Amino acid sequence: MAQTLRDFLKAVENLPPDTLLCVAEVDEAFASHVEEFEIVENAKLQNKKSESSEAVELGNGNQTVVVIRW
């Protein structure tokens, strides 16, 4: 199931604010630096399963998502 912002904030609430944010595929030994993040307000959920490579369409919808670009 896709993770919500609430889930993420709960998981990181006790970390120092200067903790590095990275992106990695599941079960990878290395991670990439985040280039930028974007808030998309008109996204459309395609698939709730986290293993889906195209789970969210970044347009044509009415859901807000945070996109982490690397």
Side-chain angles (χ1 to χ4, degrees):
M1 183 82 145
Q3 187 178 71
T4 65
L5 184 56
R6 180 187 317 276
D7 298 334
F8 177 76
L9 291 174
K10 181 71 174 164
V12 300
E13 67 184 352
N14 294 320
L15 293 177
D18 58 348
T19 300
L20 186 62
L21 180 62
C22 300
V23 178
E25 293 182 39
V26 175
D27 297 329
E28 284 294 313
F30 294 92
S32 298
H33 291 294
V34 172
E35 180 70 25
E36 64 181 346
F37 69 90
E38 175 183 3
I39 298 170
V40 177
E41 295 181 355
N42 61 339
K44 182 177 180 183
L45 184 64
Q46 298 291 318
N47 189 337
K48 289 187 177 184
K49 294 183 179 178
S50 60
E51 69 272 3
S52 175
S53 62
E54 295 183 354
V56 178
E57 181 179 350
L58 301 179
N60 302 316
N62 60 1
Q63 290 183 284
T64 300
V65 299
V66 176
V67 179
I68 297 173
R69 305 228 188 241
W70 57 279

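A quick note: this is a predicted structure, and the numbers were derived from the prediction, not measured.
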**Q** When you look at CD of E35, are more than 12 heavy atoms from neighbouring residues, nucleotides or ligands closer to it than 6.0 Å?
**A**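 Result for CD/E35: open.
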**Q** Of the options C22, P17, P16, which is the one that meets T19 in a side chain to side chain contact (heavy atoms under 4.5 Å, CB included)?
**A** P16
**Q** Using side-chain contact (heavy atoms from CB on, under 4.5 Å), reason through L20 and H33 one step at a time and then give a plain yes or no.
**A** CA-CA 8 Å; L20 186 62; H33 291 294; 4.0 Å; yes
**Q** So, taking the atom named CG in N42 and the one named CG in N60, what distance separates them when rounded to the nearest 0.5 Å?
**A** 7.5 Å
**Q** Treating Ile, Leu, Val, Met, Phe, Trp and Tyr as nodes and any side-chain heavy-atom pair under 4.5 angstrom as an edge, say whether W70 and F8 lie in one connected cluster.
**A**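 Yes, one cluster joins them.
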**Q** Kindly work out whether a path of hydrophobic side-chain contacts (I/L/V/M/F/W/Y, heavy atoms less than 4.5 Å apart) joins L5 to L58.
**A** no
**Q** Under 6.0 Å from the CD atom of E13, do we count more than 12 heavy atoms belonging to anything else shown?
**A**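 Yes, CD of E13 has more than 12 neighbouring heavy atoms, counting only those of other groups under 6.0 Å.
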**Q** Is it the case that atom CG in D18 sees more than 12 heavy atoms from other parts of the structure closer than 6.0 Å?
**A**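 Enclosed.
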**Q** In this structure, would V40 and V66 fall into the same cluster of hydrophobic residues linked by side-chain contacts under 4.5 Å?
**A** no
**Q** Roughly how far, to the nearest 0.5 Å, is CD of Q63 from NZ of K44?
**A** 10.0 Å
**Q** Decide if atom CD of E25 counts as having more than 12 heavy atoms of other residues, nucleotides or ligands within a radius under 6.0 Å.
**A** no
**Q** Report the distance from atom CG of L21 to atom CD1 of I68, rounding to the nearest 0.5 Å.
**A** 5.0 Å
**Q** How close do Q46 and E54 get, heavy atom to heavy atom, and via which atoms?
**A** CB-O, 3.6 Å
**Q** Do other residues, nucleotides or ligands put more than 12 heavy atoms under 6.0 Å from the CG atom of L15?
**A** yes
**Q** Under the side-chain contact (heavy atoms from CB on, under 4.5 Å) rule, what do E38 and R69 come out as? Steps first, then yes or no, please.
**A** CA-CA 8 Å; E38 175 183 3; R69 305 228 188 241; 2.7 Å; yes
